[in-house]
J.: 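Handing you a structure now.
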Amino acid sequence: MSHSPAKQDSLGDGLSDRQVGMISIAGIIGAGLFVGSANAIATAGPAVLLSYAMTGVLVLLVMRMLGEMAVLQPDSGSFSTYAAKAIGPWAGFTIGWLYWWFWVLLIPVEAIAGADILHAYFPSIASWQFTTAIILLLTVTNLFSVKNFGAFEFWFAIIKVVAIIGFIGIGIVAISGYWPLANVSGVAHLYNSIGFMPHGFGAVLTGILLTIFSFFGAEVVTIAAVESKDPGKKISRAINLVVYRIALFYLLSIFLVVSLVAWNDPQLLAQGTFQYVLSTLNFPGAKLVVDLVVLIAVCSCMNSGLYTASRMLYSLGKRGNAPASCATVSNGGVPRVAVLGSTLAGFVACIANYAFPGEVFAFLISTTGAIALIVYLVIAVSQLRMRTAMEKQGITPDFKMWLFPWLTWLSILMIVSVLGYMFYLPQYRYESLMTLMVTFMVLCVGVYITGKRRKQAAYPAGRLAKEKIQVVRH
């Protein structure tokens, strides 16, 4: 019988410095900024800038906490591994599977969004055919080498960054009064439509719920950096730059949007944020340009989602929390079973969307409503416990959370408050309850499996057999 070549038991290090750098940028730039931000603007008005600023501060603090742990111990399981050590194996199991679930369901969401854009330009080809093609293409690129993922994400990120910088440049020229294609200038829209905070501070808090999920994905760099040389250095560098990226990509671009157009114009929601602004400025081909950028953004998000889900599944397999086959790695350092398993789950969700439109898929998506906040909460609690334990042992990390433990406790309070506000608002209560239901189910399974494994470790088979024999003889 012939034997297949021996497989390595760990991931490779095929990501270059520039790829890891661009992945860290791509993680916080999704389609939500280009299109979805219109919902947040319509909800909070110009005061959405406060929503983005408050969310940005929270994400910055969470990333700093995660960075402290990741620089000390880079791991493809990231916060799931740290939760297992700091809180307990059941916590690592639960948050790892919830995170996998989130990204697996994001794969069809992004693929369907991209397919709808393509179908609008090529109506003779059905949306489901585009969806299938996008999923297969990005699956193939992830199957053979992490360099393929890195190359795709590098160029995806470049296009997104160029698009945002271009938009910011156009916006600055416009508010300065020098835009030649439209008669616009100044920032009067910030306050001349029922004021800066038209719906009160409550709407600003609601805006946080709409904006926080735009930032989710920044943590991917702590997973991707593991497949590069000197991951700790790359993680610390990427996290140090997070504050500037949030300020540039989100705060400045959204400031320009609410300065140039009326926040309550129905066309803002109808066309999407960037497209409506460019259309107002009479920018030639605004719809085509924004559609192309959004298509790149959704493909980038899907590419990251498939990569991240597969690495988390690989890590779960390594720790015995998923089938052992998920931890097998090809000669190229790719966990192919984990990639295929994640793709298959996403593909099944796609089929559910087309077979039962508006039913099964909508329910599945509702179960991910608060997962981002739960992940952030677990990161904060893990860092609190790990840092406290290190300080008792006299260990001082090189990359530290600021003002520990006060900012860690503040972050926990902020996250719990936002979660509580989700349950308080009727429009978010269903999603919150669905996420809570899935979390409880995974938690129960995690407690059972990790508890059973702990008992087996305490009473190995040989010892149990010996004890049984002694009982019989007695």
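Each residue takes its place number in the sequence, starting with 1. Keep in mind that the numbers below use all heavy atoms, side chains included, and drop hydrogens, waters and symmetry copies.
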J.: Does Thr81 have any side-chain hydrogen bond (donor to acceptor under 3.5 Å, both in side chains) partners at least two apart in sequence or in another chain, and if so, which?
T.: Asp75
J.: I want to check something: taking the side chain as every heavy atom from C-beta on, are Lys85 and Gln73 in contact at a cut-off of under 4.5 Å?
T.: yes
J.: Checking Ile296 now: which residues fulfil side chain to side chain contact (heavy atoms under 4.5 Å, CB included) with it, not counting sequence neighbours?
T.: Phe156, Ile159, Lys160
J.: Going by the rule salt bridge (Lys or Arg N to Asp or Glu O under 4.0 Å), which residues pair with Arg336 if we only count those two or more places apart in sequence or in a different chain?
T.: none
J.: Looking only at non-hydrogen atoms, find the nearest pair between Ser432 and Met422 and report the distance.
T.: OG-CB, 3.3 Å
J.: Given Pro397, which of Arg387, Glu391, Met69 fulfils the side-chain contact (heavy atoms from CB on, under 4.5 Å) condition?
T.: Arg387
J.: Can you find a pair of side-chain heavy atoms, one from Leu248 and one from Ile168, that are under 4.5 Å apart?
T.: yes
J.: Donor-acceptor pair, Thr139 side chain versus Thr343 backbone, under 3.5 Å?
T.: no
J.: Cut-off 3.5 Å, side chains only: do Glu219 and Ser78 have a donor facing an acceptor?
T.: no
J.: So which heavy atom on Pro74 is nearest to which on Val226, and how close?
T.: C-CG2, 3.9 Å
J.: Not counting sequence neighbours, list each pair that qualifies as a salt bridge (Lys or Arg N to Asp or Glu O under 4.0 Å) and has a residue in residues 303-313.
T.: Glu227-Arg311
J.: Without swapping roles, check the side chain of Ser236 against the backbone of Lys233 for a donor-acceptor pair under 3.5 Å.
T.: yes
J.: When you look at OH of Tyr430, are more than 12 heavy atoms from neighbouring residues, nucleotides or ligands closer to it than 6.0 Å?
T.: yes
J.: Has Tyr314 got a side-chain atom pairing as donor or acceptor with Ala309's backbone, closer than 3.5 angstrom?
T.: no
J.: So which of Ile107, Val109, Ile135, Ile134 actually passes side-chain contact (heavy atoms from CB on, under 4.5 Å) with Cys350?
T.: Ile135
J.: Under a 3.5 Å cutoff, is there a donor and acceptor pairing between the side chains of Thr55 and Thr211?
T.: yes
J.: Applying ring-ring contact (aromatic ring centres under 6.0 Å, His included), which residue pairs with at least one partner in residues 44-65 are found, sequence neighbours left out?
T.: Tyr52-Tyr250
J.: Table please: side-chain donor-acceptor pairs of residues 433-444 below 3.5 Å, with sequence neighbours left out.
T.:
residue	atom	partner	partner atom	Å
Thr435	OG1	Thr367	O	3.2
Thr435	OG1	Gly369	N	3.2
Thr435	OG1	Ala370	N	3.1
Thr435	OG1	Glu431	O	2.9
Thr439	OG1	Thr435	O	2.7

J.: Taking the six-membered ring for Trp, are Tyr428 and Phe423 ring centroids under 6.0 Å apart?
T.: no
J.: Going by the rule side chain to side chain contact (heavy atoms under 4.5 Å, CB included), which residues pair with Ala53 if we only count those two or more places apart in sequence or in a different chain?
T.: Leu251
J.: With side chains defined as the heavy atoms from C-beta onward, is the minimum distance between Met197 and Val204 less than 4.5 Å?
T.: yes
J.: Step through it carefully: locate the ring centre of Trp100, locate the ring centre of Trp97, and say whether they are under 6.0 Å apart.
T.: yes
J.: Given side chains that start at C-beta, do those of Val293 and Phe274 come closer than 4.5 Å, heavy atoms only?
T.: no
J.: Please list all pairs passing the salt bridge (Lys or Arg N to Asp or Glu O under 4.0 Å) test where one or both residues lie in residues 398-411, with sequence neighbours left out.
T.: none
J.: Can you check whether Phe404's main-chain N or O pairs, donor with acceptor, with Thr408's side chain at less than 3.5 Å?
T.: no
J.: Answer whether the closest heavy-atom distance between the side chains of Leu384 and Ile412 falls below 4.5 Å.
T.: yes
J.: Would a 4.5 Å heavy-atom cut-off, applied to side chains only, mark Phe93 and Arg453 as touching?
T.: no
J.: Specify the closest pair of heavy atoms between Ser80 and Leu316, including all atoms of both residues, with the distance to one decimal.
T.: OG-CD2, 4.3 Å
J.: Tell me every residue that passes side-chain hydrogen bond (donor to acceptor under 3.5 Å, both in side chains) with Thr308, counting only those two or more places apart in sequence or in another chain.
T.: none
J.: Mind listing the closest non-hydrogen atom pair of Ser382 and Ala86 along with its distance?
T.: O-CB, 3.6 Å
J.: Under 3.5 Å, side chain of Thr141 to main-chain N/O of Leu138, donor-acceptor pair present?
T.: yes
J.: Only distances under 3.5 Å count here; give the side-chain donor-acceptor pairs of residues 41-49 to other protein atoms, sequence neighbours excluded, each with its distance to 0.1 Å.
T.:
residue	atom	partner	partner atom	Å
Thr43	OG1	Asn39	O	2.8

J.: My understanding is that only residues two or more places apart in sequence, or in another chain, count here; which of them pass side chain to side chain contact (heavy atoms under 4.5 Å, CB included) with Trp402?
T.: Leu60, Leu61, Arg64, Leu407
J.: Is a side-chain N or O of Thr328 found less than 3.5 angstrom from the main chain of Ser325, in a donor-acceptor match?
T.: yes
J.: Taking all non-hydrogen atoms of both residues into account, name the closest pair between Ser259 and Ile175 and its distance.
T.: CB-CG2, 4.3 Å
J.: Might you point out which heavy atoms bring Ala111 and Met302 nearest each other, and give the distance in Å?
T.: CB-SD, 3.8 Å
J.: Under the rule for side chain to side chain contact (heavy atoms under 4.5 Å, CB included), what residues qualify as partners of Ser417, not counting sequence neighbours?
T.: Leu413
J.: Is there side-chain contact between Ile223 and Tyr99, with heavy atoms separated by less than 4.5 Å?
T.: yes
J.: For a quick check under 3.5 Å, do Ser342 and Trp103 share a side-chain donor-acceptor pair by atom type?
T.: no
J.: Report yes if the side chains of Met65 and Val62 come closer than 4.5 Å at any heavy-atom pair, otherwise no.
T.: yes
J.: Tell me if the OH atom of Tyr448 is crowded by more than 12 foreign heavy atoms within 6.0 Å.
T.: no
